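Chain letters run A, B, ... following the sequence lines, proteins first, then strands; residues in each count from 1. What you see is a predicted model; the values in this text were computed from it and never measured. All values below were derived from every heavy atom in this structure, side-chain atoms included, with hydrogens, water molecules and symmetry-related copies excluded.
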Number of protein chains: 2
Amino acid sequence: MQRFKVGELVVDAGTPILMEGSNSPQLFTALHGMGLRYKLLADGKRQVVNMIFPGDFIGLQAGVMGEMGHSVEATTKMTLCVFDRSEFWSFFKERPDRAFSLTWLAAIEEHFMGDALTTIGQRTALQAVAWALSRLFIRADALGMVTNGTMKLPYIQQDIADALGLSLVHTNKTLSVLRSRQLAHWTDGTLRVPDLATLAEIAMLDDLSARKRPIM
Amino acid sequence: MQRFKVGELVVDAGTPILMEGSNSPQLFTALHGMGLRYKLLADGKRQVVNMIFPGDFIGLQAGVMGEMGHSVEATTKMTLCVFDRSEFWSFFKERPDRAFSLTWLAAIEEHFMGDALTTIGQRTALQAVAWALSRLFIRADALGMVTNGTMKLPYIQQDIADALGLSLVHTNKTLSVLRSRQLAHWTDGTLRVPDLATLAEIAMLDDLSARKRPIM
DNA sequence: CGCCCCGCATTAACCTATGACATAGGATAC
DNA sequence: GTATCCTATGTCATAGGTTAATGCGGGGCG
């Protein structure tokens, strides 16, 4: 993997920032733009591990065993802050406050990963997609990226499918169910959520009323 | 959740240490024994998030939003080291080395969670079970808990099933496939892995030779 | 301008891995 | 003895995977 100049870095959509298996000497913080963290399998399957929002720290988890455990790619134009990994330790000594908030961030990530695991492991496709969309929406909202119930979603359906361990086709069908129920309209890179509460509720409980008859 | 005395704590198998939804003011380090970290769903399903081995740090991830995101329970007699959460911040200022290794631990956890996500999301039941067993075996081995290819596994099949998002029945059937292939014998709380390399390989690649005909 | 690609969304038909249910057997505890 | 918990295995039902065909918009290029 290439080495970037320390400081601020701007990359275009589609640019790989970290590559699984490589040995990156650098760490990043996302300042603007969005991205994707994923793992590739031998047979070509892909698991999207997390979506990257502004403020996310990139590369720590990845480099545990000396080499990256996953890849990171921009899905919009992104601005990143680049560190050298070697600065990291001195950082801990000199700025314990920053070190603390970093550990804090890692804890939040892990908290989220537990949710993801639970969703993929235990919930239906409908619940899972509802969960993914409402989570994206909530994160975006917290960052002021939502304007009257609408946000930019710089992903394709395959990204969501790979994040949830579902097939593209089934994800598509599930999305159109949510659309027909007026819960989430995602077209042309824009996501509209008229009723977040209901969407989030479906994510947790599944639609009991639809349980007896076929879900779709 | 009850509050424990700061210092060393010994609990019996089956004791809950943290409870999801409660607000624990304490953190733990596992010294001896093993446990289970899990989340419960409204409908009674359970997702096992991780197995706890000696050396694991407990409670950080859980307390992000002010309340626990998952529960922790001992599956053997355990010895724990108990901290007050309030000590945590001063810890960062006074012992940057310890703080660093803590963040390191968190990163390792997250690395693992990515693997778990990938396994549950993308792999077959056979691969998943092979992955779980080989991972447990490798961790145990690293801690010297393996004696001639054998380790104590203080879990029941339902625990593994809940960790992998599989049903108990299907997990059981998959285990007997692995047993019949001489890859993993798990009976009476003891796991024997005659050929870790092959087991791990199945976890990654699935058994291609069996792919054309039904797997079982 | 029209033509051909190509990536993405959509839909339909079919198939299978896995879940749900049922039942039995072994072990342990009282 | 019997109650409880766990493992084991068979049968049947289904959520979701796989494949394939269609449509559609944008970009390069004659």
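- A:Asp188 contributes no side-chain N or O that, together with a main-chain N or O of A:Thr190, makes up a donor-acceptor pair within less than 3.5 Å.
- With hydrogens and angles disregarded, no donor-acceptor distance shorter than 3.5 Å links the side chain of A:Glu73 to the backbone of A:Arg37.
- For the pair A:Tyr155 (side chain) and A:Gly35 (backbone), a donor-acceptor distance under 3.5 Å is present.
- Under a 3.5 Å cut-off, the side chain of A:Thr76 and the backbone N or O of A:Met34 do form a donor-acceptor pair.
- To the nearest angstrom, C1' of D:dA20 lies 17 Å from NE2 of A:His170.
- When rounded to the nearest whole Å, the span between CZ of A:Arg123 and P of D:dG16 equals 13 Å.
- With B:Arg123 contributing its side chain and B:Trp131 its backbone, the two residues share no donor-acceptor pair below 3.5 Å.
- The nearest whole Å value for the distance from the CG atom in B:Asn172 to the P atom in C:dG19 is 13 Å.
- Rounded to a whole Å, the CG atom of A:Leu175 is 11 Å from the P atom of C:dT11.
- A:Gln47 contributes a side-chain N or O that, together with a main-chain N or O of A:Ala163, makes up a donor-acceptor pair within less than 3.5 Å.
- Rounding to whole angstrom units, CG of residue B:Asp43 and C1' of C:dG19 are separated by 14 Å.
- Counting only distance, with no hydrogens or angles, the side chain of B:Thr75 and the backbone of B:Pro154 share a donor-acceptor pair below 3.5 Å.
- A salt bridge links B:Asp159 to B:Arg46: one of the charged nitrogens lies within less than 4.0 Å of a carboxylate oxygen.
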Generate the contact string for nucleotides 21-30 of chain C. Rules: B means base contact, S means sugar-phosphate contact only, - means no protein heavy atom under 4.0 Å. B---------
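- Listed in residue order, the members of residues 158-168 of chain B having a heavy atom less than 4.0 Å from DNA chain C are B:Gly165, B:Leu166, B:Ser167.
- Here the P atom of nucleotide D:dT7 and the CH2 atom of B:Trp186 are 6 Å apart, to the nearest Å.
- Between its two ends, the helix from C:dC1-D:dG30 to C:dC30-D:dG1 turns its axis by 30°, counting five pairs per end and rounding to 10 degrees.
- Contact between the side-chain N/O atoms of A:Arg179 and the OP1/OP2 oxygens of C:dT10 is found at a separation under 4.0 Å.
- The one candidate from B:Leu36, B:Leu80, B:Val72 that meets the side chain to side chain contact (heavy atoms under 4.5 Å, CB included) condition with B:Ile52 is B:Val72.
- Atom CD of B:Gln157 and atom P of D:dT9 are 10 Å apart (whole Å).
- What separates NE2 of B:His185 from P of D:dT7 is a distance of 17 Å, to the nearest Å.
- Geometrically, B:Arg135 engages B:Phe112 in a cation-pi contact, judged by NZ or CZ lying under 6.0 Å from the ring centre and within 45° of the ring axis.
- Checking each of A:Leu126, A:Val129, A:Leu133 against A:Ile202 for a side chain to side chain contact (heavy atoms under 4.5 Å, CB included) leaves exactly one that passes, namely A:Leu126.
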